[in-house]
Colleague: 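The structure's right below; bear with me while I get my questions together.
Numbers restart at 1 for each chain; the letters A, B, ... are given by sequence-line order, proteins then strands.
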Amino acid sequence: MTRQKKLSQNFYSRNVITVAKELLGKTIVRKYGSSILSGMIVEVEAYDGSVDRAAHTFNGKTKRNEVMFEQGGLLYVYFTYGVHFCCNVVTGKAGLGNAVLIRAVEPLEGIDIMAKNRFNKTDLTESEKINLANGPGKICRAFNIDRRHNGVNLTGSEIFLLYNKKIPKSDIAVTTRIGIKKSVDLPWRFYIKNNKFISKK
DNA sequence: ATCAAGATTACCT
DNA sequence: GGTAATCTTGATA
């Protein structure tokens, strides 16, 4: 795992759609006390506040979305439905209001800890293993990510991403996004074809 | 002050 | 497939 190189500032400073597609196959790592939690990103969605009515940043800066207006490479964590946290990778230059929502992860390391965080037990059934982090709220629960992590710099050592696989274009599925009511036709959801840890077909 | 909506999930029938 | 859970924020008065 530590063989892979950490993604640097340059990776995040690019266009949100480009970064979204390239995030597929990368590893998200969270230092968790003396342990490591990690997983491969298998599904994402892009949000671009300049044209996208579904983006939190479409109507300008507020207390809630200020991190999303910062430079690329920060983590934007928000709370929704009174229940769940979701985490996003901020992209582009400061002021843009662009970010990529991480929607599903295939667990790699620290699976017992994730199992504890999600189900408060360790011996999971096959279906529970697949359900560990196959949705934005589930990821944050499994990785124990919450409002404390809003604004964390991903080039730091607490939460970061590693190069892993580069997913070829032919293996990336493109669809409309899930769970939104505005700008519903933008084809900005991307996932790895035939991966079983996708949130939804 | 009040209020509606929300990048979801789990559990029900 | 339907819906309750649960609370923060941002808009409007």
Side-chain angles (χ1 to χ4, degrees), chain A residues 12 15-17 19-21 23-24 26 28 39 41-70 72 74-92 96-107 114-121 124-152 154 159 161 173-192 196-201:
Chain A
Y12 300 108
N15 171 272
V16 65
I17 306 294
V19 176
K21 291 187 223 174
L23 281 174
L24 295 174
K26 301 296 185 288
I28 178 168
I41 297 171
V42 299
E43 176 183 342
V44 298
E45 285 175 358
Y47 288 86
D48 176 354
S50 63
V51 293
D52 174 8
R53 301 186 66 84
H56 290 166
T57 47
F58 185 76
N59 290 312
K61 191 188 279 193
T62 64
K63 189 78 178 170
R64 178 206 200 193
N65 67 22
E66 60 187 0
V67 169
M68 195 169 154
F69 277 106
E70 300 281 323
L74 301 188
L75 194 68
Y76 167 49
V77 182
Y78 65 86
F79 184 61
T80 191
Y81 292 104
V83 188
H84 303 290
F85 292 96
C86 297
C87 66
N88 304 255
V89 173
V90 179
T91 68
L96 279 179
N98 289 3
V100 178
L101 172 69
I102 302 179
R103 283 197 57 90
V105 160
E106 175 175 341
M114 294 188 203
K116 271 281 198 185
N117 290 343
R118 284 270 295 133
F119 303 111
N120 199 29
K121 62 171 191 173
L124 301 187
T125 64
E126 280 309 304
S127 115
E128 285 169 333
K129 285 179 193 168
I130 288 171
N131 275 286
L132 265 178
N134 63 344
K138 300 177 192 177
I139 294 169
C140 286
R141 197 55 185 268
F143 281 76
N144 196 10
I145 290 172
D146 59 38
R147 62 181 99 250
R148 294 178 314 227
H149 308 285
N150 188 35
V152 162
L154 295 170
I159 303 175
L161 303 181
V174 181
T175 73
T176 53
R177 297 170 296 178
I178 293 179
I180 53 171
K181 298 213 173 77
K182 305 169 198 160
S183 296
V184 293
D185 293 327
L186 292 172
W188 286 356
R189 172 172 175 249
F190 309 99
Y191 65 87
I192 302 177
K196 19 173 222 184
F197 296 86
I198 295 306
S199 68
K200 190 163 170 264
K201 269 296 208 187

Colleague: Starting at atom CD1 of I102(A), determine the distance to atom P of dT8(B), rounded to an integer number of angstrom.
Modeller: 15 Å
Colleague: Atom CZ of R177(A) to atom P of dG6(B): distance rounded to whole Å?
Modeller: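 Checked: the CZ to P distance equals 14 Å.
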Colleague: So, for V105(A) and V42(A), which heavy atoms are closest and what is the spacing to 0.1 Å?
Modeller: N-CG2, 4.0 Å
Colleague: Y191(A) ring centre to R103(A) NZ or CZ under 6.0 Å, with the angle to the axis within 45°?
Modeller: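 No, R103(A) and Y191(A) do not form such a contact.
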Colleague: Could you go through nucleotides 9-13 of chain B and list every protein N or O atom that sits under 3.5 Å from one of its N or O atoms, giving the distance for each pair?
Modeller:
| residue | atom | partner | partner atom | Å |
| --- | --- | --- | --- | --- |
| dT9(B) | OP1 | P136(A) | N | 3.1 |
| dT9(B) | OP1 | G137(A) | N | 2.8 |
| dT9(B) | OP1 | K138(A) | N | 3.2 |
| dT9(B) | O4' | H84(A) | NE2 | 3.0 |
| dA10(B) | OP1 | R118(A) | NH1 | 2.6 |
| dA10(B) | OP1 | R118(A) | NH2 | 3.4 |

Colleague: R177(A) and D52(A): which non-hydrogen atoms are nearest, and at how many Å?
Modeller: NH1-OD2, 2.7 Å
Colleague: Among N65(A), D48(A), N98(A), L96(A), find the one that has a side chain to side chain contact (heavy atoms under 4.5 Å, CB included) with T57(A).
Modeller: N65(A)
Colleague: Please, what dot-bracket string fits DNA chain C when only Watson-Crick and G-U pairs with both distances under 3.5 Å count, crossing ones use [ ] and pairs to another strand use |?
Modeller: |||||.||||||.
Colleague: How many angstroms lie between OG1 in T80(A) and NE2 in H56(A), if you round to the nearest 0.5 Å?
Modeller: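 The distance works out to 6.5 Å.
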Colleague: Treating N134(A) as the side-chain partner and F197(A) as the backbone partner, does any N or O pair qualify as donor plus acceptor under 3.5 Å?
Modeller: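 Such a contact is absent between N134(A) side chain and F197(A) backbone.
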Colleague: Parallel, tilted or perpendicular for F85(A) and F79(A), by the 30°/60° rule?
Modeller: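 Tilted.
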Colleague: Okay, side chain of D146(A), backbone of C140(A): is any donor-acceptor separation there less than 3.5 Å?
Modeller: no
Colleague: State whether the side chain of E70(A) and the backbone N or O of V90(A) hold a donor-acceptor pair below 3.5 Å, judged by distance alone.
Modeller: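 No, because the side chain of E70(A) does not come within donor-acceptor range (under 3.5 Å) of the backbone of V90(A).
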Colleague: Going 5' to 3' through nucleotides 7-13 of chain C, assign each nucleotide B (protein heavy atom under 4.0 Å from a base atom), S (under 4.0 Å only from sugar-phosphate atoms) or - (no protein heavy atom that close).
Modeller: BSSS---
Colleague: Under 4.5 Å between any side-chain heavy atoms of Y12(A) and L74(A), yes or no?
Modeller: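 They are not in side-chain contact.
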